[in-house]
Participant: 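Sending over a structure as structure tokens; questions will come in a sec.
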Amino acid sequence: MLKATRSHSTEIAGLLTARARWTVPEIAFWLVAFATIFVLPDRHLILTEIVIWALFALSLDLILGFAGIISLGHAAFFGFGAYAAGLLAKHGLIVEPVLALIVAGLASAVLGFFTSFLVLRGTDLTRLMVTLGVALLLRELANRFSDLTGGADGMQGIEIGPVLGRFDFDLYGHTAYVYSLIVLFVLFVIARRIVRSPFGLSLLAIKDNSLRAAAVGIPVNRRLVAIYTIAAGYAGVAGALLTQTTAFASLEGLAFERSADVLLVLIIGGAGYLYGGLIGAVIFRFAHDWMADITPQYWQFWIGLILVLIVLVGRERITGWTRPIRRLADRLGNWRPARPRALGASSREGGER
Amino acid sequence: MLTILFDGIAYGMLLFVLACGLSVTLGLMNFINLAHGAFAMAGGYIALYLVNHMGMPFALGLVAAFFSAAAIGALLERTLYVHVYNKSPLDQVLFTIGLVFMAVAAVNYTVGSTQQFITIPASLQGQIQVAGIGMSKYRLMIIAICGVITLLLQLALMRSRLGSQLRAAVDDQRVARGLGINVGAVFAGTFAIGSGLAGLGGALGAEILGLDPTFPLKYMIYFLIVVTIGGTSSITAPFMASILLGIADVAGKYYMPKLGAFVIYTVMIVVLILRPQGLFAPSRPR
Amino acid sequence: MTPVLETRALEKHFGGVVAASQVSLRLEKGARHALIGPNGAGKTTIINLLTGVLRPTSGEILLDGKDISHVQPYERVRLGMVRTFQINQLFGELTPLESLGLAVSERLGTGGDWWRRFGTRSSVIDEIGDLLERFSLVDVMREETAILPYGKQRLLEIALAFACRPRLLLLDEPAAGVPDLERQEILATIAALPDDVTVLLIEHDMDIVFSFADRISVLVNGEMLVEGPPAEVARDPRVRAVYLGETFDA
């Protein structure tokens with residue numbers, strides 16, 4: 001029996017680590033992304049926006065796709081990071097953008113840590129309300145303390161220093177794009193590493209069946225606090241990037257619409273496999289342009305329509321289009337991604353016969 | 001001081017009429033309808049159009065607001081909502097946010113984004129003095145109307161067949177069907193009444209709250225707070241919550257204008273922390 | 001000697017309903033203890049109280065003489081108290097491989113590693129291989145759990161508990177609804193547990209109970225009716241009355 005176990009061991013190790021191996025489509029994805037630096041030099045302003053949305057959606061994916069936490073107020077951390085970066089730059093506290101970005105991200109993570117305890121208990125519904133409440137509260141605060149934030153007019157007079165003290169932000173957004181893309185890539189690699197770790201897998205287990213998760217010794221609450229904190233930090237970095245690349249921070253970063261939009265971005269691309277937010281951001285941005293062309297000003301209507309249709313048709317079917325890609329990745333990398341279905345649906349379905 | 005109390009009560013009762021439909025869909029039908037405010041907005045704009053532009057009497061405008069919002073509610077319930085009842089909370093949220101966005105944009109497109117006010121008859125303008133307290137006639141009317149509605153609702157839920165059918169349908173849909181209750185019709189009826197009341201509230205509140213396309217988003221949190229604090233097991237609890245919220249909001253804005261809605265949001269979060277389970281899902285033994 | 005598990009006057013009320021009343025249990029180290037009783041007697045409630053899924057209304061639960069009434073469920077697992085569920089509670093979207101890997105990692109204290117890739121610890125891997133063998137799960141180890149046949153799911157349910165290396169194992173009808181072949185496997189594995197592992201078994205099947213247990217407690221309407229060695233319990237007129245008086249639903 002021991003011998004048999006040995007021979008299985010290599011197979012098992014192979015199967016388990018295969019999840020973490022980089023696949024050809026993934027590498028291709030990033031090659032294309034970096035190629036845009038040279039191929040689409042006149043699109044860098046839009047591409048920067050896409051990267052920021054992608055990072056923001058990635059952060060939501062960490063809690064929604066992997067831990068099953070629904071949030072209606074994820075913009076709280078985005079906006080917080082945006083203001084943090086703005087304040088750091090405006091008052092010359094930290095002039096170098098990368099360091100400021102890290103500090104802003106950490107500030108959001110701290111906020112995430114303290115608010116995470118509010119989302120631990122209760123149903124999906126209470127989580128929705130608490131996250132929504134926190135975001136609204138922050139927005140209200142930012143609005144009231146207008147001497148600090150600029151209130152409804154936004155924070156003016158932000159000057160961003162050169163990245164690493166060498167690369168100045170230019171009018172065409174070249175520096176901004178390269179900078180943002182590298183930040184996205186680094187954070188993506190970290191996120192990827194995290195979700196493929198024992199910790200990351202335990203999150204999937206919690207989302208799947210938290211009762212059982214506790215019964216095999218997983219400290220459910222502690223894990224949720226951890227991922228919520230990390231995701232808040234990611235969202236904060238996304239917000240800080242927006243401030244740094246536009247030299248502006250406003251209440252919009254905290255608005256409910258932003259929380260709703262990021263949900264849409266993630267849902268379009270599919271939650272639970274990390275690339276959903278990235279792909280969703282690309283589609284969202286172009287759809288935004290296209291719809292704004294038809295009826296400028298009223299594109300919100302089309303956003304709403306898309307949301308309604310997505311639900312009526314079924315998210316499973318909508319994001320089904322990514323399945324061939326993922327199946328390909330699966331075959332090449334032997335990796336079976338988590339299915340992006342009915343998040344927040346009954347989590348006790350695993351054991352039914 | 002007493003005027004603030006009076007205004008707060010009027011405001012709270014208005015909130016109750018606006019939100020009680022949500023309390024029913026959420027508590028009994030277990031559905032998260034973030035688009036509830038859209039029905040209120042619909043009622044408000046319809047009343048405003050009929051009264052301001054068609055010269056309809058104000059009272060009739062209110063009635064029209066109720067019935068038109070109820071009709072829209074019933075229509076949407078049968079055609080769209082019915083497909084979403086059994087979906088996950090995330091789907092319900094996405095769906096109803098989508099509806100809100102559509103409603104906001106559509107109203108923005110048709111009537112513009114400026115805030116509008118309904119013309120109220122001269123007999124309802126001004127104040128009367130009761131025991132030295134200045135009371136706005138209009139707010140007195142709101143208190144009267146909302147009070148009557150609350151009583152009717154309470155009676156209806158306790159006495160009428162719809163009330164018991166609704167409770168049966170919610171407890172166990174299969175059993176209810178077996179008893180010959182038309183679950184679909186019961187849900188549609190409930191939804192329509194809830195929407196109608198929201199519409200009526202929207203029309204009544206157009207004077208106090210103002211009416212602009214972002215109404216559903218602006219007041220969504222208020223409705224949710226009412227339901228959160230009040231719970232959904234009865235009519236009286238959300239009613240009390242509405243009154244408290246109304247008074248707290250009016251007083252907060254009067255005494256601490258700098259803090260604004262801060263107080264209310266904080267209260268909501270604190271309540272959610274203290275009683276996260278008991279609010280929506282009664283903890284049931286496993 | 002300090003008993004491994006002891007409850008003192010354990011009570012659980014749901015509103016006005018008393019689900020467990022003055023329950024006092026005592027399990028010595030290595031005990032093979034069975035808890036039986038008619039449907040609705042409160043057996044699963046007791047397990048839920050012991051594992052911390054439910055909070056007792058009053059009373060104490062002692063593990064190795066220490067009060068654990070306020071210890072979190074997952075910490076009780078780490079202390080060595082592990083359960084199986086009457087109705088499968090599995091990770092439907094994960095494979096048996098991953099599920100067992102998680103449980104083993106948690107036990108070894110490496111479950112919180114967030115930088116090390118999953119599946120790179122040889123200690124974890126060898127143990128998963130061993131568990132897959134013992135529970136005949138090798139052939140389905142890479143399938144999604146949700147699509148496994150019921151018998152395999154049941155085996156995984158038990159295997160997950162074993163992966164936690166229990167010192168005290170609470171088995172809630174482990175063989176319920178299992179096809180005969182897998183049933184024998186499950187029972188054999190339970191019988192082969194080391195002597196120093198203490199077992200509390202909830203079971204309807206009297207054959208299993210009497211072949212396995214060295215002590216039996218009978219729970220009726222949330223109260224302990226009788227406790228003693230199998231032969232004594234089988235003779236007890238009150239137990240007979242309970243089982244004859246009601247529909248015998250083994």
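The sequence lines fix the lettering, A, B, ..., with proteins before strands; numbering per chain opens at 1.
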Participant: Please look at C:V104 and chain A and tell me whether the side chain, the backbone, both or neither of the residue comes under 4.5 angstrom of a heavy atom of that chain.
Facilitator: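 Looking at C:V104, nothing touches chain A.
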
Participant: Does the side chain of A:I218 reach to within under 4.5 Å of the side chain of C:V77, using non-hydrogen atoms?
Facilitator: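 Of all side-chain heavy-atom pairs linking C:V77 with A:I218, none is under 4.5 Å.
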
Participant: Select one option (side chain, backbone, both, neither) describing which atoms of C:R78 are under 4.5 Å from chain A's heavy atoms.
Facilitator: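 When you check distances to chain A, only side chain atoms of C:R78 fall under 4.5 Å.
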
Participant: Could you tell me if A:R193 sits above the aromatic ring of C:W115, with its cationic atom closer than 6.0 Å to the ring centre and no more than 45 degrees from the axis?
Facilitator: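 Yes, A:R193 lies over the aromatic ring of C:W115.
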
Participant: In Å and rounded to the nearest 0.5 Å, what is the CG to CZ distance from A:L16 to C:R121?
Facilitator: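 Taking CG in A:L16 and CZ in C:R121, the distance rounds to 13.5 Å.
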
Participant: I'd like to know which of C:P149, C:S105, C:G112, C:P73 tops the heavy-atom pair count under 4.5 Å against chain A.
Facilitator: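 If we count pairs closer than 4.5 Å to chain A, C:G112 comes out on top.
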
Participant: Which atoms of C:E157 come close to chain A, meaning under 4.5 Å heavy atom to heavy atom: side chain ones, backbone ones, both, or neither?
Facilitator: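 The answer is both parts of C:E157.
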
Participant: More than 12 heavy atoms of other residues, nucleotides or ligands under 6.0 Å from CZ of A:F117: yes or no?
Facilitator: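 Yes - once you tally the heavy atoms of other residues, nucleotides and ligands closer than 6.0 Å, there are more than 12.
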
Participant: Name the option with the most non-hydrogen atom pairs under 4.5 Å to chain C; the candidates are A:L201, A:V220, A:I194.
Facilitator: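 Most heavy-atom pairs under 4.5 Å with chain C: A:L201.
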
Participant: Is it the side chain or the backbone of A:A213 that comes within 4.5 Å of chain C heavy atoms, both, or neither?
Facilitator: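 When you check distances to chain C, atoms from both the backbone and side chain of A:A213 fall under 4.5 Å.
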
Participant: Is C:T110 close to chain A through its backbone or its side chain, or both, or neither, when contacts mean heavy atoms under 4.5 Å?
Facilitator: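 Only the backbone of C:T110 comes within 4.5 Å of chain A.
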
Participant: Considering only heavy atoms from C-beta outward, does the side chain of C:E75 approach that of A:P219 to under 4.5 Å?
Facilitator: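 Side chain of C:E75 against side chain of A:P219, heavy atoms only: no contact under 4.5 Å found.
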
Participant: Just so I understand: if I count every heavy-atom pair under 4.5 Å between each of C:V138, C:T84, C:V124 and chain A, which residue has the most?
Facilitator: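 Looking at each of C:V138, C:T84, C:V124 in turn, C:V138 comes out on top.
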
Participant: Rounded to the nearest 0.5 Å, what's the gap from NZ on A:K207 to CG on C:L94? Could you check?
Facilitator: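 Going from the NZ atom of A:K207 to the CG atom of C:L94 covers 9.5 Å.
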
Participant: Would you mind checking which part of C:M81 comes under 4.5 Å of any heavy atom in chain A, side chain (CB onward), backbone (N, CA, C, O), both or neither?
Facilitator: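 It is neither, since no heavy atom gets under 4.5 Å.
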
Participant: A quick test of your reading: do over 12 heavy atoms of other residues, nucleotides or ligands sit less than 6.0 Å from CG of C:D195?
Facilitator: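 Counting neighbours around CG of C:D195, 12 or fewer heavy atoms of other residues, nucleotides or ligands fall under 6.0 Å, so no.
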
Participant: Working to the nearest 0.5 Å, report the span between OH of C:Y74 and OG of A:S210.
Facilitator: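 If we round to the nearest 0.5 Å, C:Y74:OH and A:S210:OG are 14.5 Å apart.
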
Participant: Quick check on C:L102 against chain A: is it the side chain, the backbone, both or neither that has a heavy atom closer than 4.5 Å?
Facilitator: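 For C:L102, the side chain is the part near chain A, not the backbone.
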
Participant: A side-chain contact here means heavy atoms from C-beta on lying under 4.5 Å apart; do A:L15 and C:L97 qualify?
Facilitator: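 Yes, side chains in contact.
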
Participant: With a 4.5 Å cut-off on side-chain heavy atoms, are A:S197 and C:W114 touching?
Facilitator: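 C:W114 reaches A:S197 side chain to side chain.
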
Participant: Find the one option among A:T17, A:V195, A:I190, A:V216 whose heavy-atom pairs under 4.5 Å with chain C are most numerous.
Facilitator: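 Option with the greatest count: A:V216.
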
Participant: Step by step, work out the side-chain contact (heavy atoms from CB on, under 4.5 Å) result for A:D208 and C:T145.
Facilitator: CA-CA 11 Å; A:D208 209 328; C:T145 300; over 6 Å; no

Participant: Considering non-hydrogen atoms only, spot the tightest contact between A:A215 and C:C164 and give its length.
Facilitator: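 Minimum heavy-atom separation between A:A215 and C:C164: O-SG, 4.3 Å.
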
Participant: Between A:A226, A:G200, A:A13, which has the largest tally of heavy atom pairs under 4.5 Å with chain C?
Facilitator: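 Ranked by contacts with chain C, first place is A:A13.
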
Participant: Which heavy-atom pair separates C:E106 from A:S202 by the least distance, and what is that distance?
Facilitator: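 Scanning both residues completely, I find the closest heavy atoms to be OE2-CB, 4.2 Å.
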
Participant: Find the distance between CZ (A:R212) and CG (C:L90) and round it off to the nearest 0.5 Å.
Facilitator: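 These two atoms lie 6.5 Å from each other.
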
Participant: I would like to know whether A:I12 and C:L132 meet side-chain contact (heavy atoms from CB on, under 4.5 Å); could you show each step before the answer?
Facilitator: CA-CA 10 Å; A:I12 290 169; C:L132 289 169; 3.9 Å; yes

